Amino acid sequence: MRYLPLTHDDRKVMLARIGAASVDDFYTDVPEAARLDGPIHDLPSHQGELAVERHIGELAAKNRTASEGPFFVGCGAYKHHVPASVDHIIQRSEFLTTYTPYQPEIAQGTLQTLFEFQTQVAALTAMDVANASMYDGSTACAEAALMACRATRRKKVILSGGLHPHYAAATRTLCEAQGIEIVQLPAAVDSELELAKSVDGETACVIGQSPNVFGTITDMSSVAEAAHARKALFVSVFTEAVSLGLAMPPGEMGADIAVGEGQSIGNPLTFGGPYVGLFACTQKLVRQMPGRLCGETQDADGKRGFVLTLSTREQHIRRDKATSNICTNAGLCALAFTAHMTLLGDAGLTRLARLNHETACDLADALEAIDGVELLTPRFFNEFAFRTKMNAEAVLAMLDEKGVVGGVRASRLIPGAGFDDVIICAATECVTADDIEAYADALKEIV
Amino acid sequence: MRYLPLTHDDRKVMLARIGAASVDDFYTDVPEAARLDGPIHDLPSHQGELAVERHIGELAAKNRTASEGPFFVGCGAYKHHVPASVDHIIQRSEFLTTYTPYQPEIAQGTLQTLFEFQTQVAALTAMDVANASMYDGSTACAEAALMACRATRRKKVILSGGLHPHYAAATRTLCEAQGIEIVQLPAAVDSELELAKSVDGETACVIGQSPNVFGTITDMSSVAEAAHARKALFVSVFTEAVSLGLAMPPGEMGADIAVGEGQSIGNPLTFGGPYVGLFACTQKLVRQMPGRLCGETQDADGKRGFVLTLSTREQHIRRDKATSNICTNAGLCALAFTAHMTLLGDAGLTRLARLNHETACDLADALEAIDGVELLTPRFFNEFAFRTKMNAEAVLAMLDEKGVVGGVRASRLIPGAGFDDVIICAATECVTADDIEAYADALKEIV
Amino acid sequence: MSMNTQGRPTTPAIVANGNGSASVSGSRGLLQREDLIFEIGTTETTGVDLPAPKGRADRLGGVARKAATDLPGLSEPEAMRHYVRLSQKNYAIDLGVFPLGSCTMKHNARLNEKMARLPGFADIHPLQPQYEIQGALELIDQLAIWLKMLTGMPAVAMSPKAGAHGELCGMLAIRQALIARGEANTRKRVLVPASAHGTNPATAIQCGFQVDEIKANERGRVDMEDFRAKLEDTSDIAGIMLTNPNTCGLFETDICEIADLIHEAGGYFYCDGANFNAIVGRVRPGDLGIDAMHINLHKTFSTPHGGGGPGSGPTVLSDALAPYAPVPFIVKGEDGFRLVEDLKGDASESFGRMCAFHGQMGMFVRALTYMLSHGADGLKQVAEDAVLNANYVQVRLKEVMTPAFDGYCMHEALFSDEFAAEGIETIDIAKALIDEGYHPMTMYFPLVVHGAMLIEPTETESKAELDRFCESVIAVANRAAAGEESLKGAPYHAPMRRLDETQAARKPRLKWTPPEPKAIAAE
Amino acid sequence: MSMNTQGRPTTPAIVANGNGSASVSGSRGLLQREDLIFEIGTTETTGVDLPAPKGRADRLGGVARKAATDLPGLSEPEAMRHYVRLSQKNYAIDLGVFPLGSCTMKHNARLNEKMARLPGFADIHPLQPQYEIQGALELIDQLAIWLKMLTGMPAVAMSPKAGAHGELCGMLAIRQALIARGEANTRKRVLVPASAHGTNPATAIQCGFQVDEIKANERGRVDMEDFRAKLEDTSDIAGIMLTNPNTCGLFETDICEIADLIHEAGGYFYCDGANFNAIVGRVRPGDLGIDAMHINLHKTFSTPHGGGGPGSGPTVLSDALAPYAPVPFIVKGEDGFRLVEDLKGDASESFGRMCAFHGQMGMFVRALTYMLSHGADGLKQVAEDAVLNANYVQVRLKEVMTPAFDGYCMHEALFSDEFAAEGIETIDIAKALIDEGYHPMTMYFPLVVHGAMLIEPTETESKAELDRFCESVIAVANRAAAGEESLKGAPYHAPMRRLDETQAARKPRLKWTPPEPKAIAAE
Ligand SMILES: Cc1ncc(COP(=O)(O)O)c(C=O)c1O
Ligand SMILES: Cc1ncc(COP(=O)(O)O)c(C=O)c1O
C-alpha cells in the first residue's frame with residue numbers, strides 16, 4: 001500500500017521493541033463487542049492509482065462543466081478565470097501540507113501571506129481590519145450577526161429581503177440556537193433600504209447585501225445611519241468579491257462589519273466549496289472578532305516577523321468564553337485569494353470588474369430586447385434578475401437543451417414567494433459575445 | 001503585459017541612469033535595412049490567459065487521446081500510467097526553473113537525483129555506468145554508433161533488421177556525415193542474431209534491439225560474442241524501458257553500450273517528445289561517453305556531495321575535440337524517470353513488467369483466435385506484430401471507426417518492404433480486458 | 001497616489017548572517033529575503049492581462065466605488081517569486097515529521113489533488129440544475145456510504161465545513177431533538193471533560209448550552225465517579241461531548257457505560273471524532289453507542305491542512321438524531337440523485353441550514369480518492385500503523401521523558417514536562433526541535449497534563465524517520481533535563497529567531513500601513 | 001538480497017551546524033538532510049500499487065532477466081519527501097535572479113505548463129493515424145509560422161531537440177547543399193570565431209567539417225581583416241558559424257558584409273540563435289543574410305530549463321537550404337495537415353532524419369502559449385526590456401568592475417577579472433555571490449575575455465531586483481578588488497561548501513555502490 005512506509009519487518013522489530021505481541025494489544029481498551037475482526041465487509045479493497053482515477057474520472061464525466069458552453073449561473077458563486085500561477089502556488093508542498101502557523105519561526109510563509117491577505121481584504125472592503133478568513137461567506141454572515149449581538153448586548157437581528165437566502169438561513173440557524181430573534185424582511189429585488197425603517201432600540205444589527213441575491217447594488221449609507229442612530233450595527237454583505245473593484249464597498253457606506261464570499265478571486269467553483277469567507281470590521285470591534293488574526297511583531301534579533309495574535313478571543317485559549325468555535329478556517333483558499341489579488345492589483349481588479357460589468361450590460365441589452373422578457377434589477381454589477389411569462393424551471397430546461405445554462409430560477413432559493421417566473425443570471429469575463437448571442441437566440445425561441 | 005515587471009517609470013529612470021535617449025540607442029549596431037519599425041505585421045498582439053487557453057484548448061480538443069478508448073499504439077513510445085506525485089515533483093520550481101547544475105553548491109537537488117538516475121539506469125540495463133541522459137533513444141543510438149567508432153577507430157556500423165527504423169535513420173544521418181559506413185540488414189521480425197554473421201574486422205559495432213520494433217525479444221549474447229571476437233562492440237538498444245523488469249537486459253547479453261528510450265517510465269506520450277535517452281556502457285568505455293556525468297565528491301567541510309564530472313569529454317571544455325556536441329539534455333524527463341523508478345523499486349517494476357506482459361499475452365490470445373490473423377512475433381514483452389489478409393492501413397481505419405486505435409501499420413515505418421498487411425500493436429497496464437475484447441470483436445468483423 | 005512607491009525600501013538593510021559575514025541583499029545562501037507585496041508592487045502594475053473595456057455606458061446607477069483600493073499588483077514573475085520564496089520559510093509534511101498531536105498530519109497524496117482538479121468537479125456550479133451534476137451528487141453519496149460503513153452509523157450530514165462546524169452540526173441536531181421532545185428549555189447542561197479540545201466547550205456555548213466540566217482520572221480517562229455525580233440530577237442534562245480516542249491519546253475504557261448512562265439520563269452522546277485515525281477500520285463508533293460524531297476529512301482522510309484549512313467535517317448521526325440533520329442532503333430516487341434543500345418533506349424536521357450550498361466538494365473528492373486507494377483493508381492498516389508508530393515513539397522517548405500516563409497509547413503519545421530541569425519549559429523543548437529540523441509536537445494541550453507534549457507521528461512515517469526523530473527529541477530532552485540554558489534561545493537556525501507574541505498582542509498591527517511620509521524638508 | 005538494508009545508516013552522523021550547536025538529525029532548521037534512495041528504501045517496498053499478475057504462462061521464450069535490479073523502492077510519502085527536500089537544495093529562477101549569460105534564464109509561466117498537460121497534447125502518440133491528431137499538427141504549423149515570421153525566414157525544421165541539435169540540423173543542411181553541388185568533399189572548412197560557444201566547433205566536427213578559428217577585434221566583434229584573410233582561398237570554404245548577438249553580448253556590426261562575403265566565397269552562413277532574445281521582434285535575422293539559425297525555445301520562448309533540459313531547437317532555413325530540411329515536416333493540404341516522413345516526394349532532397357518522431361511537442365505547446373501571450377507587440381518589448389536591463393546592470397557594475405568592451409551591450413553585460421586583486425579569481429566572486437543569495441553569472445566564457453563574467457538578467461527582472469542584485473555584486477567586487485581572503489572560502493551559507501571537482505574527476509564514482517559488508521567478526 002503506497003502510502004504506508006512501514007515494512008513487514010519494521011512492524012515486527014517495532015512490536016518487539018515495544019514489547020507487544022501484536023497490534024491487538026493496543027486495542028484491549030476497546031469493549032470486546034465493538035472490536036472488528038477483519039476489514040469491513042461490503043467495502044472494496046485497496047486499488048492502484050489507475051483504477052481509482054478511472055472510478056473518479058467516470059463520476060466527473062457525468063457533470064456538465066461551466067466551461068463547456070454558454071454559462072450564466074451566479075447567485076453566490078461565480079465562474080471566473082483563475083491564473084495558472086495561482087493554482088501552482090497553492091500546490092507548493094510548503095503551503096499545501098502545513099498546519100495552522102502556530103510555530104511562527106517556521107511558518108513565516110503562511111503568516112506573511114495572511115498578513116497581506118488581511119491588508120487586501122481591509123482595503124477591498126474599505127474597512128479598518130480583516131481576519132485571516134472564515135469558512136465561507138454564509139458562515140461569516142452568521143458570525144457577524146453573533147458578533148453584533150455580543151458587541152451590542154442585544155438579541156435581535158434584521159435581515160434584508162435581498163440577503164442571499166442561504167446566508168439568511170445559516171444566520172437564522174446559528175442565532176436561534178442562542179435565542180437571538182431573527183427578523184426577515186420579505187424577499188424583494190430592490191429593498192435593502194427597507195432595513196432603515198425596521199431598525200429599533202432592541203436591534204443588534206441590520207444585515208443588507210450589495211450586490212444582493214437579485215444582483216441589485218445599493219448605496220446603503222442611509223441604512224448605516226439609521227442603525228447607528230439606534231446604536232445598532234450595520235453589517236454589509238457581498239457574495240461577489242469582484243464587485244468591490246467597481247461598486248461601492250461596505251466601508252464607504254458606513255458598515256461596522258463587512259462579510260462576504262471570496263471565491264470569485266482565486267478559487268474555482270467546485271460545486272460550492274471549499275470557498276473563503278471574508279470578514280472585516282472597524283478598529284473598535286476588533287476584539288469581538290471571530291477567527292484568526294495575524295499581526296506584526298519582531299523576533300529575538302529584532303527582525304520583523306508575523307504571528308497569530310489576539311488569540312484570547314479564540315477557542316483554543318478561551319474555550320467556552322471564545323468569540324466563536326472556529327478553528328480550521330479556509331487557509332489555502334485565502335492563499336489563492338491573496339495570490340490572485342496580488343497578481344491583479346488595483347489596476348487589474350478595476351479592469352476585471354469593468355469587464356464583468358460591461359459583459360453583464362451587454363447581456364442585459366440582448367435579453368431586454370426580447371419580447372416577453374422583463375428586466376427586474378434596476379442597478380447591477382454582473383448579475384441581474386429577469387421575468388418571462390413562463391415558469392422559470394421550464395425555461396431553464398429548454399435553454400439547457402440548446403446548450404445554454406441560463407442561470408438560477410429564483411424559486412429554488414426563495415420558494416413560494418411569487419418568483420416562479422424569475423431567472424437570475426450572471427455574466428463574467430468568461431462569457432463571450434457568442435455566448436450572449438446564443439443565450440438571446442435561444443431565449444427568443446422559447447418565450 | 002504580465003511577464004514584464006518593468007514599469008513605464010522604471011524604464012525612464014533606467015534609461016536616464018544609462019544615459020540613453022531611448023532603447024533605440026542600443027540597436028544602432030543593427031544595419032539600418034534590418035531594423036523593424038513596429039511590431040511585425042500579421043502576427044497578433046498580446047492576449048490574456050483566458051484567450052490563450054481557449055486558443056490552445058481548441059487545438060487540443062481536435063486530437064484523439066490515448067485514454068479516450070481502446071488504444072494499442074507502441075513502436076517506440078508507450079502509454080503507461082504516470083503517478084500523480086511524479087508530475088508534481090517535476091513541477092517544483094526548484095527543479096523546473098533551474099539550469100544545468102554548474103554551481104554544485106546550490107544544485108545538490110538536481111545533482112543527487114542525477115546520481116540516483118545514473119545508478120538506476122546502470123542497474124536496469126545491467127551495465128557498469130550510465131550518463132545523465134541524452135535527448136531520446138534514437139539520438140542516444142546514433143551517439144552510441146559514433147562512440148563505438150571513436151573507441152575502435154573503425155568506420156563501419158551494422159544495424160539489425162529489427163532496429164527501430166527511426167533509430168536507424170538518425171544513426172545513418174549522423175554517421176554518414178562523418179564518413180562512417182552504415183550497413184543495414186533487411187527488416188525482419190526475428191533476425192537480430194543475423195548481426196553475428198555480418199560483423200567483420202572493419203566493424204566498429206553492431207546494433208541490435210530487444211524488444212525490437214516488431215516486439216521480438218532476443219538473447220543477443222551470441223551477437224556480443226561474435227562482435228567481441230572481431231574486436232567490435234555490441235550496442236544493445238531498447239525502446240520500452242519497462243521491459244527491463246522482465247526481459248533480458250543488455251548487460252546480461254554482454255553489451256558494451258546500452259541505449260534506449262526512457263519515456264515509458266515517468267513520461268507521458270506527448271506526441272513523441274520530450275523524452276529521455278538512456279545511455280550506459282562498460283567501465284572501460286566511460287571516457288568515450290557523450291553527455292553529462294554526475295559523480296560523488298566532498299565539499300570543503302568533508303561532506304559528501306555531487307558534481308558534474310569528466311567534463312573534459314564535453315563541448316564546453318573540449319570544443320572541437322569533444323565526444324559529442326550535446327549540451328542541453330533531457331534533465332527534467334530524467335527526473336521524472338528517476339522519481340517514477342524510485343516509487344516503483346524492483347518490486348514495483350517487476351510487477352508492472354509482468355502486468356504488461358500478461359496483458360499483451362491476453363491480447364495475443366484474443367487476436368490469434370481470429371480467423372485470418374497471423375501472429376508474427378515469436379517471443380515478446382508487451383508488443384507484437386500480426387498479419388491479416390488486408391491492407392493494414394485500411395484495417396486500422398476501420399478499427400478507428402469502431403473506436404479502437406489498433407496499432408501502427410508496419411509500412412509506415414518500413415515502407416516498400418512487404419509489410420503492407422502487418423500491424424504492430426502494444427498492450428500495457430492501461431489496457432483493460434474490455435479493451436482487448438473491443439479490439440478482438442472489431443477485428444473479427446473486419447477481417 | 002500609490003501606497004507602494006512610498007513603501008519600497010530604497011537601500012536594503014545590511015543583515016548580519018553569521019560566520020562573521022553580512023549579506024548586502026538581506027538573503028543568505030538559498031534563504032531569500034522577501035518583503036511585503038506593498039513594498040514590492042505598484043498600483044499600476046498587474047500580472048493579469050485582460051482585454052480593454054469598451055467604455056460603454058454603465059448600469060451602476062451611481063453606486064460606484066469612490067476611493068481606489070490602492071492595492072499593489074505584481075507582474076507574474078515577481079508574484080511567483082514572492083510566493084515561492086515565502087513558501088520556503090514554512091515547515092511542511094513534505095519536509096519532515098510533523099508530529100502535532102490531535103492534528104493527524106499525514107501524507108497528502110497528490111492523486112487526490114489531481115482528482116479534485118478534474119473540470120467535472122472543479123468547474124461545476126452549486127446551483128446548476130441537478131440533472132447537470134448527477135456525477136457530483138453520486139460522488140457525495142458514495143463518500144457518505146463509506147463514512148456510514150466505517151462508523152457504523154445510519155446517517156451522515158455532509159455540509160459541515162470543518163471539525164468545529166461538525167460539532168455545531170451534531171449539537172444543533174441534539175438541540176433540535178430536545179425541541180422535538182419539548183425539553184430544549186430545560187435540558188441545557190452539556191458535560192465536557194477538562195481534557196477536551198477548545199472547540200468542544202465553545203461549540204456547546206454557541207448552541208446555547210451550558211458547559212459542565214468533568215474530571216479525568218489518574219489513567220487519563222473520564223473519572224466515572226465524577227461523571228456519575230454529574231448525573232445525579234438528570235433533568236437538565238442535554239448530553240456529553242467526549243473525544244474518543246481522547247485527547248490524551250487513550251481509548252475511553254468506559255465508553256459504553258458512559259453511553260448507557262447518558263442515554264438513561266435522557267441526554268445524547270456527542271463524540272468528537274478528531275482522533276478517528278486511531279481506530280478507523282478497527283472500531284465502529286456506532287457500536288459504542290454514540291449519537292453524533294464529526295469526521296475531520298482533513299485528518300483521518302488526508303485532505304491537506306493547507307496552512308489552516310480548508311477542512312471538511314461530515315457528521316454521522318444516530319437514528320435518534322438523523323431526522324434533524326441539516327439541509328441539504330442527497331436522496332437517491334428512481335431517476336437519479338436529488339438534493340433536498342427545503343425544510344419540508346424529507347427535511348421537515350431538519351434543524352435548518354448551516355451554510356450556503358452543499359459542503360466542501362473539493363474535499364469530498366480528495367477523501368473518496370483516498371478511501372478508494374486504501375480500501376477497507378488499507379484503512380485498517382492505517383489505524384494499526386498509526387498506533388504502532390505512536391507506541392514506538394512512546395517507548396523510545398519514555399526513557400528520557402515523563403509519560404503522562406502508564407500503558408500503551410493509541411495514535412499519539414503524551415508526555416509531561418516533569419523531566420525537565422527547573423526553568424526549562426515545554427516551549428523551549430519545542431523550539432529546540434526546530435533547530436533539529438522538526439516541527440514541534442502539540443504543546444500545552446491537553447490542559448490536564450502539566451506542560452503537555454502531545455506527539456502524533458501518524459502512519460505515514462517510516463521507522464527510519466521515527467528513529468531519527470526520536471534521537472533528536474532524546475537529545476533535546478537530555479539537554480532539558482540538564483537545564484541547558486541555550487534552549488531558552490532556540491531556535492537558532494530557523495528563518496527567524498523566537499518571535500515576540502506579547503508585543504504583537506499589546507499593540508496589534510493587523511495590516512500593513514504606508515510609512516509616514518517624510519517631512520518635505522527632509523527630502 | 002537487498003542492497004538497501006546494508007546501506008541504510010544506523011546511527012545518524014552528528015553534524016556541526018554553527019552557533020556552537022550541533023544537530024543530531026543532520027538537518028538544520030528548515031534545511032533537511034536527505035540520504036540517497038539506496039540508503040532509504042528497500043527492494044521490497046513500492047510506492048506504486050498494481051493489481052497482482054494472474055500468473056499465466058509467459059511468452060518470453062526464455063529471454064528473461066536473470067538477476068534482479070536490486071533497486072530500492074520508496075513509499076509515496078518517503079518519495080515525496082525525498083524530492084521535496086532535495087529540491088530545496090537547488091537555486092532556481094523562481095527564487096531569484098539567475099544571471100547566467102548565454103542562457104536566458106527568464107520567468108517560466110505556469111500557463112505554459114498547464115497547456116502542455118492538456119490530454120489533447122500530453123496523451124497522444126506520435127504514431128497515431130494522422131487524422132486522429134490534426135490539432136497537434138496544426139499547433140506545430142502555427143508555431144512554425146510564428147518562427148518564420150519572427151525570423152523572416154522561409155522555412156523551419158521543427159525536429160531538433162535542443163540548440164546543439166539545431167546546429168547539427170543547420171550544418172547537415174549545409175553539407176547536403178554542398179553534396180547537391182558536388183562540392184561536399186572539397187568544401188570542408190567552417191569559420192568559427194574564438195568566442196563561439198563550445199557546441200559550434202563540436203557540431204562542425206560532428207558533421208565532418210574542419211574548424212578554422214577567426215579572431216575577435218578589440219571591439220568584441222569579428223575581426224574583419226582576419227575574416228577576409230581566411231577567405232583568401234575560398235575553394236574549401238563550407239561556411240561560417242557565427243552567433244549574433246554574439247557571445248560577448250554584442251551585435252555583429254558587420255554582419256551583412258560577413259553574409260555577403262561568405263556567400264561570395266560559395267559558403268553558407270550558420271547563425272547561432274541562442275541570443276535571439278536580444279532582438280526578437282526588433283530585427284529579423286533573415287534580413288541579415290543568414291542561411292540557417294536554431295532557436296532555443298528554452299531560452300527566447302521560455303520553455304523551462306528543467307535542470308538541464310529538455311530543450312527544443314527549431315532551425316530556420318533560407319531558400320538555399322530549405323530543400324534539404326530533415327524529415328518529418330508538415331504540409332498543409334486540402335484535407336488538413338500531413339506529415340512528410342519518407343525521403344521521397346516533397347522530401348526527396350532532405351538530408352534525412354535527426355531523431356525518432358516529430359520533435360519536442362511538449363515544448364512546442366509551451367512556446368506557442370508564450371508567443372500568443374506576448375503577441376508581436378509583447379515580444380518586441382521583451383527584447384527591449386532585456387537589453388535595457390542588461391545595460392542598466394552594465395552601467396551600475398562598471399563603476400567597480402572592468403567591462404570587457406566599451407559601449408552599450410545587448411542582452412548581456414560582459415566583464416573581465418581585471419579589477420580583482422592578485423589571487424582573487426572569477427570563481428571566488430561567483431561563489432561569494434551564492435552567499436548573497438544569487439546564482440553566479442556565467443564564468444570563464446567567452447574564452448576571449450580573461451576571467452570572463454557574463455551577466456544576462458533577462459527582461460523578467462524588475463528594477464528593484466536588479467538594484468538589489470547590483471548592490472550585492474558591487475559589494476563582492478569591492479571585496480575582490482581589496483583582495484579579501486575570505487572570498488576564497490565562499491560559499492559559507494549554501495547547503496554545501498565549495499565542492500572538490502578534482503577529486504570527483506580523479507577517481508570517478510558515477511553511481512552508488514553498496515558499502516563493503518563488514519567482516520562478520522565485527523558484528
Ligand atoms: C480534538 C479536536 N476536536 C476538534 C477539532 C476542531 O477541528 P477543526 O479544526 O477541523 O474545526 C480539533 C482540531 O484540531 C481537534 O483536535
Ligand atoms: C551561444 C550558444 N549556442 C548554443 C548553445 C547550445 O544550446 P543547447 O544547450 O540548447 O544545446 C548554447 C547553450 O547554452 C549557447 O549559449
Side-chain angles (χ1 to χ4, degrees), chain C residues 8 10-12 17-21 23-33 40 49 75-78 80-81 84-85 88-96 106-110 373 434-438 460-462 464-465 467-469 471-472 474-476 486 490-495, chain D residues 8 10-12 17-21 23-33 40 49 75-78 80-81 84-85 88-96 106-110 373 434-438 460-462 464-465 467-469 471-472 474-476 486 490-495:
Chain C
R8 183 181 271 181
T10 44
T11 26
N17 64 2
N19 271 29
S21 70
S23 98
V24 172
S25 60
S27 303
R28 186 178 196 276
L30 289 181
L31 196 72
Q32 298 285 321
R33 154 181 161 189
I40 305 170
D49 291 330
S75 67
E76 189 179 297
E78 295 171 291
M80 187 60 78
R81 227 172 243 178
V84 172
R85 285 173 173 175
Q88 287 205 355
K89 302 184 202 294
N90 273 359
Y91 192 88
I93 299 175
D94 281 355
L95 283 175
K106 59 169 72 176
H107 172 65
N108 301 137
R110 287 320 188 280
S373 296
I434 291 176
D435 281 332
E436 284 283 330
Y438 294 102
T460 60
E461 294 303 329
S462 70
E465 287 277 4
D467 282 331
R468 195 151 36 127
F469 170 70
E471 277 145 25
S472 283
I474 288 168
V476 171
S486 68
Y492 298 98
H493 301 299
Chain D
R8 181 182 269 179
T10 45
T11 26
N17 64 3
N19 271 28
S21 70
S23 97
V24 171
S25 60
S27 303
R28 189 177 193 275
L30 289 180
L31 195 71
Q32 298 285 320
R33 155 182 161 187
I40 304 170
D49 291 330
S75 68
E76 189 179 297
E78 294 172 291
M80 187 60 77
R81 226 172 245 178
V84 171
R85 286 173 173 175
Q88 287 205 355
K89 302 182 201 297
N90 273 0
Y91 193 88
I93 299 174
D94 281 354
L95 283 175
K106 61 168 72 175
H107 172 66
N108 301 136
R110 286 320 188 283
S373 296
I434 292 177
D435 282 333
E436 283 283 331
Y438 294 103
T460 60
E461 294 304 328
S462 70
E465 286 277 3
D467 282 331
R468 206 173 357 150
F469 170 70
E471 277 144 26
S472 283
I474 289 168
V476 170
S486 69
Y492 298 97
H493 301 299

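What you see below is based on every heavy atom in this structure, not just the backbone, and it leaves out hydrogens, waters and symmetry mates. Just so it is clear, the structure is predicted and the values come from calculations on it, not from any experiment. Throughout, a chain's letter reflects where its sequence line sits, starting with A, and its residues are numbered from 1.
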Item to check | Atom pair CZ/OH of R28(C) and Y492(D) - distance to nearest 0.5 Å | outcome: 13.0 Å
Item to check | Region of A92(C) that comes under 4.5 Å of a non-hydrogen atom in chain D | outcome: neither
Checklist entry - Hey, which of V84(D), D49(D), D94(D), L31(D) has the most heavy atom pairs under 4.5 Å with chain C? => result D94(D)
Checklist entry - Which answer fits I93(C), side chain, backbone, both or neither, if we ask what part of it has an atom under 4.5 Å from a heavy atom of chain D? => result both
Checklist outcome for this item: In terms of heavy-atom pairs under 4.5 Å with chain D, the winner among R110(C), Q32(C), K106(C), K89(C) is Q32(C)
Checklist entry - Taking side chain as C-beta onward, heavy atoms only, is E465(D) less than 4.5 Å from P77(C)? => result no
Checklist entry - Contact part of Q88(C) toward chain D, heavy-atom cut-off under 4.5 Å: side chain, backbone, both or neither? => result both
Checklist entry - Does L30(C) reach the side chain of P495(D), with side-chain heavy atoms less than 4.5 Å apart? => result yes
Item to check | Top contributor to chain C contacts, counting heavy-atom pairs under 4.5 Å, from R81(D), E461(D), E76(D), H107(D) | outcome: R81(D)
Next on the checklist: Show the nearest heavy-atom pair for residues V24(D) and A475(C), with the distance to one decimal.
Outcome noted: CG2-CB, 3.5 Å
Checklist outcome for this item: Tightest non-hydrogen contact, residues S25(C) and E436(D), listed as OG-O, 2.5 Å
Item to check | Taking every non-hydrogen atom, the tightest pair across R468(D) and S27(C) | outcome: NH1-OG, 3.8 Å
